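Below: one structure, written as structure tokens.
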Amino acid sequence: MEYNFTTIEQKWQNFWRENKSYQIDINTEKPKYYVLDMFPYPSGAGLHVGHPLGYIASDIYSRFKRQKGFNVLHPMGYDAYGLPAEQYAIQTGQHPAITTERNIKRYREQLDKIGFSFDWNREVQTCDPSYYKWTQWTFIQLFNHYFDNELQKAQPINRLIKIFEKSGNEGLNIACDPVDTFSANQWNNMAEQQQQTILMNYRLAYLSETMVNWCPKLGTVLANDEVKEGFSVRGGHLVEKKKMQQWLLRITAYSERLLNGLDHVDWSESLKEIQRNWIGRSEGATIFFPVKNHNLSLEVFTTRPDTIFGSTFMVVAPEHEYTNQITTPEYAQKIKEYVTMARNRSERERMAEVKTVSGQFTGAYCQHPFSKNPIPVYVADYVLAGYGTGAIMAVPAHDSRDYAFAKYFNLPITEVVSGGNIAYESYDAKTGKMINSDFLDGLEVEDAIPKVINRLEDKGIGSRRINFRLRDAIFSRQRYWGEPFPVYYKNNIPHMLDESKLPLELPEVDKYLPTESGEPPLARATNWETDEGYPLETNTMPGFAGSSAYYLRYMDPHNDSELVSPKAIQYWQDVDLYIGGAEHATGHLIYSRFWNKFLFDIGVSVKEEPFKKLINQGMIQGRSNFVYRVKGTNTYVSKGLRKEYDTMTIHVDVNIVSNDILDIDAFKKWNPEYKDAEFILEDQKYHCGWEIEKMSKSFHNVVNPDDLIQKYGADTLRLYEMFLGPLEYAKPWDTNGIEGVFRFIRKLWRLYHNANNEFEVGDGQPTPDELKVLHKTIKKITEDIEKFSFNTAVSAFMICINELTELKCNKQEILSPLAILISPFAPHIAEELWHLLGNNKSIVEENYPVYKEEYIAEEMDLYPVSFNGKTRFKVEIAAGATSKEVEETVLKMDEAQKWLQGKTPRKVIIVPKKIVNIVV
RNA sequence: GCCCGGGUGGCGGAAUUGGUAGACGCGCUGGUCUCAAACACCAGUGAUAGCAAUAUCGUGCCGGUUCGAUCCCGGCCCCGGGUACCA
């Protein structure tokens, strides 16, 4: 073999490990650069070719930045808590830590083979007590802080207690759940238990009885981002609503900052949009509608206060706290039936029946705040308890849902904004003149809104309000394999453990299942209590707990006394480049931004946003292959002939198919079922069908990087993954193309070797042509890396090697910089060539080559000449010629005369160095 | 429904402050080497017509702006992702 990649790659991986080539430390002499990959959950299936895509891109960038003179932090670790290991533990009784450790080992072996420049000295694992100590520590800080809306900043809870002691809670602008007002005197006379209950409404980590997403199959609650269309994202199990006492994080306090922060990060527009939608800011007003014959008012939120005169009925959610209070005896039974029906309908059913109108009149009436007219109050499940105030003023003329409801129940529809035709449909647009609206008549919508809000505020019956869709994050899980809460209960009041007791380690249990009484698995642990005998919290933390600040821990991973030292955070600051999947848009990427903002408020982190630039690598899709079985037989017909038979399509392992041609012997051995299979061939071959699908075991289209490395080497794999297409695009994996990259690697090798595979590089003077090839490649590669266009960079390398081969160039002055140039992409072969060139230091220490314009300058410019926009011929003209000279040269040419056919050109357009266009 | 992306050869893709459409690679066809194969190398390869030079068409569809449009504008179709009785 001319280039023995197996031996050579192994040799340099050992060298890098032994020489600690990738171990870095704070170095104030150099500018820092932090390149982070989203750390993986180590699943039992190992890595497939889709996983390393982002890691390869970030590795190329890290190596490049390092060679450009930066001190690059490029760590890797494991998001080690997760459901699969626990589900496996439930089935087999094996401790999830054992499964996890085994999977991590496998991941590490696979990662090592690809030749990454990770500083493994900084590895973190979220399930490691020395790591989750700081997850627990942060939770304690969240518990001990509240959010001041005025300052837009977290503050110590002790400060709030002092305020309460001095002046009670009246007039405070603090993120909290609804709390009755109390005076300083009242506060000071409260029992501790009562004080603690009140404080719970203000804490950033708090315990609350709320509606949660309960997944019976997983036996746990889930956060909103873990539920999609009524099913759990992990596992796809049904999720229902249930009222439970849970820990929550008051992420909603940070809504405004989470939204504004998006304007200051370099992320894709689509990802930022997803987050903006998820946060869901809407401006409007809350308005109080007094309920007739009751001493209470219904508070509604609306973004269209201008349409208040068009409000002809009210709707409250079935779960609304006033539903029972205001219902008249006459309607009590019907309301009870409706609420029960609505409650029993699963989320899934509600979604499926979106178009169906349902609701029930309560018998109660509100009084319109301006017209004083009575307005009927309905209960309907198209109003959600969890959004706004759980009640609306319905304006059927200008809201399509209210319109459908009004039509169904035959309620009046009053037009208040002109511009639509309400006989046919509601007019929802925010433009038009106000009509039928008393003091608003004649105004444009945009002017009516502030006017009506001012009037509401003057009368004290409403106010301007900004509402967010974002909900507080449910932070408890009724599972075993997660971080224990540093919490114990004393008289049912939760208390935080003293920091000296951290980490609170996960206890052993006999089974990984809930107890008979339905408590979480931790309740099975013996002595699950403090030294003083107080019971410890039995819930564990969710998956996003451990991943919310791991990027900070990498900066100072062995620090036992702080999450991160001021020295480390001052130097490393934040993540400059973060690469990972877009599936974390509404989970991890929101939570960690929130988490970081909190840590910023309490002085731990130093940047408001943790991830300066973020790139979502596209998903690698699978390319499945099919065979066609003639129904009822064991005969398989080639794709082109399948129409002549009645066939069924069967997935076949892509690893026994090459260029869509089936390896028949391998197929027979693949599964005993096919041992005696017979085939109907086309030109002696069995042609398979193909389709792009998700890469999955069940489709038999999974490609393992280990197999490819064994066959082609890691450098080839790295290059091919990049060559597939733009980093951010979803693209199908087709192993067939890898041969082209493999050929390129061997061609690169041959450039430095003679026909006998002996290293042979001369020290002759490079020709201008050779220098030009080198320097235009340096220019192109540098530009491409900086814009993360790795696929075009690989093409540029191929062109470069093709041209140097053509020139038979084997000169050291060209081949030396070339080795450095390619080293971020193909580090093994580059390192080998570098040492063959006589260097002793590792190539990773070298400076990246810089191109020189003088070598690239062209003497001649090639002009395509077109007539009426159609290119007809090309002409070379000396560089630097004026437009006039170009015009004269071109018009004098025979070919030009041929196309002119004796006519005089009407106009000649000359774009210097680009094109000549002659208009006839 | 709404919000983001994206539609270019047989395939992955390249080229945009509007200037030679299809770089590079795969596949395919033919050839050199070989007893044969593998490897390697050479030539061709958007479609149509033609022996050929060449011509016409061609970047999802329809229209517009322009000397010139894959790129800009208007209207539509399709695919992918996000989100949803969010008031």
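Note that these values count all heavy atoms, side chains included, but never hydrogens, waters or copies made by symmetry. Below, read A as the first sequence line, B as the second, and so on, with proteins coming before strands; counting in each chain starts at 1. All of these numbers come straight from a predicted model, not from anything done at the bench.
For Pro732(A), the listed nucleotide lying nearest its side chain is G12(B); candidates were G12(B), A87(B), U83(B). Relative to the side chain of Val919(A), the nucleotides A87(B), C67(B), G25(B) differ in distance, and C67(B) lies closest. Side-chain atoms of Phe301(A) lie closest to A87(B) of the nucleotides U83(B), G12(B), A87(B). Side-chain atoms of Tyr387(A) lie closest to C86(B) of the nucleotides C86(B), C4(B), C24(B). Closest to the side chain of Leu724(A), out of A87(B), C85(B), G12(B), is G12(B). Among the nucleotides A23(B), U83(B), A87(B), the one closest to any side-chain atom of Ile799(A) is A23(B).
Evaluation of the salt bridge (Lys or Arg N to Asp or Glu O under 4.0 Å) test over residues 733-746 of chain A, restricted to residues two or more places apart or in two chains, returns Arg623(A)-Asp734(A). Sorted by first and then second residue, the salt bridge (Lys or Arg N to Asp or Glu O under 4.0 Å) pairs involving residues 386-406 of chain A (not counting sequence neighbours) are Asp399(A)-Arg401(A).
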Contact state string [nucleotides 33-42 of chain B, B base, S sugar-phosphate only, - no protein heavy atom under 4.0 Å]: ------SSS-

Reading 5' to 3' through nucleotides 14-19 of chain B, protein heavy-atom contacts under 4.0 Å coded B for base, S for sugar-phosphate only, - for none: S----B

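Partners of Glu887(A) according to the salt bridge (Lys or Arg N to Asp or Glu O under 4.0 Å) rule, which considers only residues two or more places apart in sequence or in another chain, do not exist here. Here Gln684(A) pairs with nothing under the side-chain hydrogen bond (donor to acceptor under 3.5 Å, both in side chains) rule; sequence neighbours left out. Lys430(A) meets the salt bridge (Lys or Arg N to Asp or Glu O under 4.0 Å) test with no other residue; sequence neighbours excluded. With sequence neighbours left out, the side chain to side chain contact (heavy atoms under 4.5 Å, CB included) criterion links Thr889(A) to Ile877(A). In this view, Thr302(A) satisfies the side-chain hydrogen bond (donor to acceptor under 3.5 Å, both in side chains) rule with no residue, not counting sequence neighbours.
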Strand RNA chain B as a dot-bracket string - pairs counted if Watson-Crick or G-U with both distances under 3.5 Å, | where the partner lies in another strand: (((((((..(((......[....)))((((((.......))))))((((....))))..(((((..]....))))))))))))....

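Using modelled atom types and a 3.5 Å distance limit, the side chains of Ser624(A) and Glu693(A) yield a donor-acceptor pair.
Contact check, Arg276(A) against U83(B): no side-chain N or O comes under 4.0 Å of OP1 or OP2.
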Validation: residues 277-284 of chain A side-chain donor-acceptor distances under 3.5 Å, sequence neighbours left out:
{"from": "Asn277(A)", "atom 1": "ND2", "to": "Glu273(A)", "atom 2": "O", "distance (Å)": "3.4"}
{"from": "Arg281(A)", "atom 1": "NE", "to": "Glu256(A)", "atom 2": "OE2", "distance (Å)": "3.2"}
{"from": "Arg281(A)", "atom 1": "NH1", "to": "Glu283(A)", "atom 2": "OE2", "distance (Å)": "2.8"}
{"from": "Ser282(A)", "atom 1": "OG", "to": "Tyr387(A)", "atom 2": "OH", "distance (Å)": "3.0"}
{"from": "Glu283(A)", "atom 1": "OE1", "to": "Arg464(A)", "atom 2": "NH1", "distance (Å)": "3.4"}

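A parallel orientation is assigned to the rings of Trp749(A) and His753(A), their planes being inclined by less than 30° (bins at 30° and 60°).
For the segment residues 388-407 of chain A, the set of residues with a heavy atom within less than 4.0 Å of an atom of RNA chain B comprises Ile392(A), Arg401(A), in numerical order.
Between Lys779(A) and Asp784(A), none of the side-chain N atoms (NZ, or NE/NH1/NH2) sits under 4.0 Å from a carboxylate O, so this pair counts as no salt bridge.
Both Asn659(A) and Met798(A) sit near RNA chain B, but only Met798(A) has its closest nucleotide nearer the 5' end.
Separation of the Phe5(A) and Tyr712(A) ring centroids does not fall under the 6.0 Å cut-off.
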